[in-house]
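Predicted model only: the values in this text are computed from it and were never measured.
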Amino acid sequence: MMSSTPEEIFRRMIDLMLAKDMNAVADLWAPDGIAEFPFAGGSSPRVLRGREEVRTYLAHYPELMDMKEVAALTVRPTEQTDTVVVEWTAKGRTVATSQPYRLDYIVVLTVRDGLIALFRDYWSPLSAAAAAGDLAGLIDSLEGRDA
């Protein structure tokens with residue numbers, strides 16, 4: 001039986017990401033669960049509403065980023081037992097360029113009934129675009145939005 005604490009759900013998500021099982025990652029979300037990316041820039045979504053939007057968003061992730069390991073992971077409990085703050089670092093290879101990457105994240109994760117209700121992911125769009133070899137694309141999309 002899968003555990004339902006926020007830390008266990010997060011660690012399960014990381015294991016599934018390393019296994020490149022994006023459908024199983026999406027299945028960790030509640031049907032109405034939310035993924036928020038407050039620092040998203042350019043054409044990246046700021047909010048995904050529901051498990052199926054998360055599934056669509058993750059579907060091609062392994063074709064873009066080949067996450068090989070979690071270099072660091074610290075889970076910080078909060079006063080709410082259903083919520084944790086996680087600091088973590090992913091290392092891997094960008095598929096398009098074959099270049100190595102290292103990306104740092106801070107996630108606030110809230111679990112309801114053993115599923116992700118809210119996943120607020122603070123990451124750097126500049127670092128992600130640089131890792132993906134698409135810094136110019138991010139800049140173009142930012143300029144296009146402001147035009």
Side-chain angles (χ1 to χ4, degrees), residues 1-78 83-112 114-145:
M1 180 174 152
M2 184 162 58
S3 297
S4 61
T5 70
E7 179 174 355
E8 290 165 328
I9 294 293
F10 187 86
R11 289 180 184 277
R12 176 80 178 132
M13 183 193 75
I14 293 297
D15 289 344
L16 293 167
M17 290 181 73
L18 287 166
K20 318 272 188 279
D21 190 346
M22 296 301 123
N23 272 321
V25 172
D27 287 340
L28 294 175
W29 258 258
D32 61 344
I34 302 291
E36 294 180 351
F37 309 100
F39 296 156
S43 60
S44 294
R46 291 181 59 91
V47 178
L48 301 172
R49 298 185 189 286
R51 178 186 294 150
E52 295 314 311
E53 281 190 22
V54 170
R55 188 180 315 283
T56 299
Y57 176 77
L58 292 173
H60 299 288
Y61 185 82
E63 298 164 22
L64 304 171
M65 307 297 274
D66 181 13
M67 188 170 83
K68 298 283 192 188
E69 69 174 292
V70 173
L73 186 129
T74 303
V75 178
R76 301 186 186 285
T78 68
T83 301
V84 293
V85 175
V86 183
E87 299 175 64
W88 70 289
T89 300
K91 290 175 74 174
R93 173 184 72 79
T94 303
V95 174
T97 65
S98 294
Q99 295 298 309
Y101 73 83
R102 176 189 169 110
L103 294 172
D104 298 308
Y105 303 87
I106 295 176
V107 171
V108 179
L109 176 71
T110 301
V111 171
R112 180 183 69 236
L115 296 170
I116 297 170
L118 178 61
F119 184 89
R120 189 171 292 133
D121 191 357
Y122 296 91
W123 52 276
S124 168
L126 290 174
S127 295
D134 193 30
L135 198 50
L138 174 63
I139 292 168
D140 288 347
S141 68
L142 289 171
E143 289 175 344
R145 184 192 315 180

Worksheet item: Which atoms form the tightest heavy-atom contact between L16 and M22, and what is the distance?
Response: O-CE, 4.4 Å
Discussion item. I need the minimum non-hydrogen distance between S4 and G114, along with the two atoms involved.
Written reply: CB-CA, 3.3 Å
Fill in: W123 to S44 - nearest heavy-atom pair and separation
CH2-OG, 4.2 Å
Worksheet item: In Å, rounded to the nearest 0.5 Å, how long is the span from OG1 of T56 to CG of L48?
Response: 9.0 Å
Worksheet entry | Under 3.5 Å: donor-acceptor pair, side chain of R49, backbone of I34 | no
Item to complete: Any chance you could measure R120, atom CZ, to F37, atom CZ, to the nearest 0.5 Å?
Response: 11.5 Å
Discussion item. Restricting to non-hydrogen atoms, name the atom on T78 and the atom on V84 that form the minimum distance, rounded to 0.1 Å.
Written reply: CG2-CA, 4.2 Å
Worksheet item: Do L109 and M13 have side-chain heavy atoms sitting under 4.5 Å apart?
Response: no
Fill in: D121 CG to E36 CD distance, which is reported to the nearest 0.5 Å
10.5 Å
Worksheet item: Are D32 and R112 close enough for a salt bridge, meaning some N to O gap below 4.0 Å?
Response: yes
Worksheet item: At what distance, to the nearest 0.5 angstrom, does CG of L28 lie from CG of N23?
Response: 11.0 Å
Worksheet entry | Check ion pair R12-E8 (N to O, under 4.0 angstrom) | no
Worksheet item: Are any of the side-chain heavy atoms of M65 and T94 separated by less than 4.5 Å?
Response: yes
Discussion item. Please verify the inter-ring angle class for Y105 with W88; under 30° counts as parallel, over 60° as perpendicular, anything in between as tilted.
Written reply: parallel
Item to complete: Would you name the heavy atoms of A71 and K91 that are closest together and state the gap between them?
Response: CB-CD, 3.3 Å
Worksheet entry | Between CG on residue L115 and CD1 on residue I9, distance to nearest 0.5 Å | 6.5 Å
Worksheet item: Between R51 and W29, is there a donor-acceptor pair closer than 3.5 Å when you use the side chain of the first and the backbone of the second?
Response: yes
Worksheet entry | Check: K20 side chain, M67 main-chain N or O, donor-acceptor pair, under 3.5 Å | yes
Worksheet entry | Validation row: L64, V95 side chains within 4.5 angstrom (heavy atoms) | no
Worksheet item: Do you know the tightest heavy-atom contact between T83 and P6?
Response: N-CG, 3.8 Å
Worksheet item: According to the interplanar angle, ranging from 0 to 90°, do the rings of F119 and F10 count as parallel (below 30°), tilted (30 to 60°) or perpendicular (above 60°)?
Response: parallel
Discussion item. In the structure I gave you, are the side-chain heavy atoms of L73 and R11 within less than 4.5 Å of one another anywhere?
Written reply: yes
